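Notes follow the structure.
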Amino acid sequence: MIRCLQDLLERAEEARAHRQAHRAEVLVCAGTGCVANGSMEVFAALREVLAKFGLDSRQVGVTGNGACLCGGGRSVVVKHIGCHGFCEMGPLVRIDPEGLLYCKVKPADAEEIVEQTVAEGRVVERLLYRHPVTGERYARQDEIPFYAKQTRLTLKDCGHIDPHRIDDYLAEGGYRGLARALLELTPDEVISEVTASGLRGRGGGGFPTGRKWQLTRQSPAERKFVVCNGDEGDPGAFMDRSVMEGDPHRVIEGMAIAGYAIGASEGYIYVRAEYPLAVKRLREAIDDAEEYGLLGDNILGSGFSFRLYLKEGAGAFVCGEESALLASIEGKRGMPMPKPPYPAQEGLWRLPTLINNVETYASVPVILAGGAEAYRRYGTESSPGTKTFALTGDVANTGLIEVPMGMPLREILFDIGGGIRSGKRFKAVQIGGPSGGCLTEEHLDLPLDFDSLSEAGAMIGSGGLVVMDENTCMVEVARFFMSFTQNESCGKCVLCREGTYRMLEILERIVEGKGELRDLDLLEELAETVKDGSLCGLGKTAPNPVLTTLRYFRDEYIAHVVEKRCPAGACRALVRYRINPELCRGCGLCARSCPVQAITGRRREPYVIDQDRCIRCGACINACRLEAIEEVAQ
Amino acid sequence: MHANPIAPAAAEDVEAAVQRIVRSTPARRMDLIPILQAIQAEYRYLPEAALRCVARELNIPPATVYGVATFYSQFALNPKGKWVIQVCNGTACHVRGAKRLLDALNRRLGLTENGSTTGDGLFTLEIVSCLGACGLAPVVVVGDKVHGQLTEEAIELLIDHLEAEEGQGEKVEEAGREVRSR
């Protein structure tokens with residue numbers, strides 16, 4: 001039990017000494033991505049091999065001071081850690097203190113890792129990251145270009161500490177921001193510090209966080225709430241998931257600081273149902289924090305009490321909207337309410353409620369522990385600090401990154417992301433999910449911050465960056481997002497419910513080659529109407545993907561409606577498949593894979609596709625080993 | 001032949017189970033969603049009798065319970081199959097070919113509609129938006145296991161594996177092999 005600052009510092013020192021006492025730490029990533037790739041099997045294999053070396057597996061990985069390994073006199077631990085962000089290369093295993101990173105590790109590699117690296121200090125070359133373009137290998141994690149250009153503040157501990165162990169977080173200076181807030185500052189001073197840092201809401205809107213806290217503090221009420229929005233629903237975004245899974249205490253600490261600042265003693269974390277691991281880790285972390293006295297009554301002897309509860313979502317994208325989220329916590333249908341009143345005045349059960357996103361809360365301990373000025377050293381004047389992005393799609397290195405605000409898109413895509421995969425040409429990057437927009441080559445030098453993006457018609461949103469290459473059809477991308485928002489519209493506002501439906505119909509017509517030129521004007525008109533006539537952010541931003549693609553890729557729309565041609569060759573109705581007779585050797589694999597028997601031919605002679613029968617499913621393209629089947633324009 | 005896994009639950013059993021679930025919570029209005037989640041975890045859907053019982057226990061109109069049950073995509077009013085296969089169609093998965101996986105699954109299982117279940121009650125196929133595993137796109141979740149960087153061949157193998165496990169379909173040579181794409 002930690003009752004005062006002295007206890008906290010002692011406990012942290014103990015935890016630090018404990019970590020340093022290990023001869024080596026073998027850290028196995030246990031984020032959703034690596035688990036899917038089999039990291040739990042790798043973890044089990046590593047423990048087994050270490051046990052074979054004379055280490056009691058109970059001592060390994062649980063507490064320190066285990067039996068020694070090869071005369072070093074100090075123990076080796078195997079631990080689970082949170083997401084490293086380099087999901088594509090998983091399962092990832094990091095070896096400390098050397099800071100080595102092994103990629104795509106298989107259970108069979110465990111023996112070599114223990115024998116070579118842990119025991120002898122030698123690097124296993126073949127497990128190192130190899131740059132897909134230059135072919136160069138990197139041993140240390142921080143030398144890999146993917147990491148070298150990042151600045152990790154909120155993700156600092158993600159991938160280094162065991163999210164199951166509160167001691168690991170304490171060893172890295174955890175809960176020191178809370179201690180400073182509770183013991184050295186008044187609530188108003190905490191708010192001033194957050195205001196001075198210039199932190200803006202990381203959930204998408206970019207509203208100044210300090211201002212929001214101030215408004216909630218000023219609302220007179222006996223009871224107030226702190227709510228964390230962990231309903232990260234934007235397709236292509238997983239930053240919040242990684243933080244909740246990999247460093248749950250950072251979110252809890254941020255929320256406790258917020259509770260002190262606004263005068264609330266209760267909080268809710270709302271996590272979407274699709275993130276079971278985040279739910280589990282947060283539950284454990286809340287229990288541990290309570291056990292340590294860092295949540296509960298009279299925290300650190302300050303007289304401030306704070307309790308946290310976890311609420312699981314049930315699958316509704318619109319619940320990412322704050323008033324809908326609050327309705328969902330109350331057990332109702334998650335439908336947005338008109339504003340004002342804002343949650344700061346009337347939120348949960350009509351009481352003043354502060355609602356921020358996961359990353360915003362996770363940034364708060366950094367600001368309180370290090371001071372606003374240190375935080376402002378990163379980022380730009382109007383958007384200080386760092387931002388996490390989920391870099392995905394057709395880019396060589398996909399994963400979770402954190403960079404200073406204002407970094408140009410080019411550096412993110414080409415230096416960190418390693419460029420477009422398989423040598424194709426860059427076409428666009430979709431930013432901000434279904435509320436955001438598409439940026440093109442002309443925007444590559446645009447600094448990524450709140451203001452420059454909204455000028456370009458896009459928004460940072462929650463931070464999904466989906467990279468698209470020349471084979472992606474932008475009209476089809478617009479259709480994809482429209483079908484997403486149409487499906488997720490809660491139906492309350494007529495213009496959102498019906499307008500998105502009509503827009504989707506038009507887009508479907510266009511990708512099927514049945515569009516007309518006047519459809520483009522109609523799309524623009526509908527887009528403006530849906531924006532004007534919707535209550536919440538879902539409807540207000542739903543037309544953005546259509547508007548930005550119309551703005552930057554109008555010629556693609558025109559090709560679809562006038563020439564009935566898809567320049568990217570992606571729209572199935574507008575392409576046909578053809579077997580190149582010069583490459584086909586008549587093996588018949590394609591004919592066997594065809595579900596509608598559209599392919600016929602004689603063995604060892606070129607086969608042909610019956611265009612009337614073909615449903616363009618692509619099965620034959622995958623089946624052909626000679627790449628003899630091509631997509632051509634109709 | 002094993003018992004049909006999607007046979008509707010008997011009403012009196014449902015009643016007892018719902019009461020047990022409701023009474024394990026403080027039974028406030030705000031507990032409605034967790035209660036429905038617990039019922040669905042037990043029955044793989046929300047039987048009508050359960051919805052009525054929840055309304056009585058929480059003292060709210062059945063229409064309100066029905067409203068919540070139909071609002072959230074997690075809840076099903078019809079029995080789901082033993083294996084729920086969720087094909088992620090988030091942006092990253094979409095760009096990397098989720099549609100092809102979906103088509104392959106539909107063909108293989110003989111399904112056409114999103115959320116439909118095979119006649120033997122083994123598989124339910126659902127399209128979901130982002131599962132947050134974008135780095136592994138395209139992603140399919142079966143039960144609670146995430147399978148990433150999937151190809152059409154790998155997904156076929158996965159179904160073979162599950163069917164073999166159920167003692168159905170032909171034993172396939174690869175079936176025992178771990179299904180993981182390169």
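Fair warning: this is a prediction, and the values are worked out from it, not measured in the lab. All chains are named by letter (A, B, ...) in the order of the sequence lines, taking the proteins before the strands, and each is independently numbered beginning at 1.
- For Arg241(A), the part sitting under 4.5 Å from any heavy atom of chain B is the side chain, from C-beta outward, and nothing else.
- Proximity to chain B involves both the backbone and the side chain of Glu88(A), based on heavy atoms less than 4.5 angstrom apart.
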Got a list of side-chain donor-acceptor pairs under 3.5 Å for residues 99-107 of chain B, not counting sequence neighbours?
| from | atom 1 | to | atom 2 | distance (Å) |
| --- | --- | --- | --- | --- |
| Lys99(B) | NZ | Asp103(B) | OD1 | 3.2 |
| Asp103(B) | OD2 | Arg572(A) | NH1 | 3.1 |

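- The part of Asp234(A) that comes within reach of chain B is its backbone (N, CA, C, O), which places non-hydrogen atoms under 4.5 angstrom from that chain.
- Interface residue Glu488(A): only side-chain heavy atoms are found under 4.5 Å from chain B.
- The minimum heavy-atom distance linking Thr392(A) with Cys134(B) is given by the pair CG2-CB, 3.2 Å.
- When all heavy atoms of Val467(A) and Val95(B) are compared, the pair lying nearest together is O-CG1, 4.4 Å.
- Residue Cys83(A) does not touch chain B at all, counting heavy-atom pairs closer than 4.5 Å.
- Using a 4.5 Å heavy-atom cut-off against chain A, the contacting residues of residues 60-69 of chain B are Gly67(B), Val68(B).
- In terms of non-hydrogen atom pairs under 4.5 Å with chain B, the most contact-rich of Ala273(A), Gly33(A), Gly334(A) is Gly334(A).
- Of the atoms belonging to Phe481(A), it is side-chain heavy atoms, and not backbone ones, that fall under 4.5 Å from chain B.
- Tyr275(A) places no side-chain N or O within donor-acceptor distance of the main-chain N or O of Leu131(B), the cut-off being under 3.5 Å.
- The main-chain N or O of Pro235(A) is found under 3.5 Å from a side-chain atom of Thr91(B) such that the two form a donor-acceptor pair.
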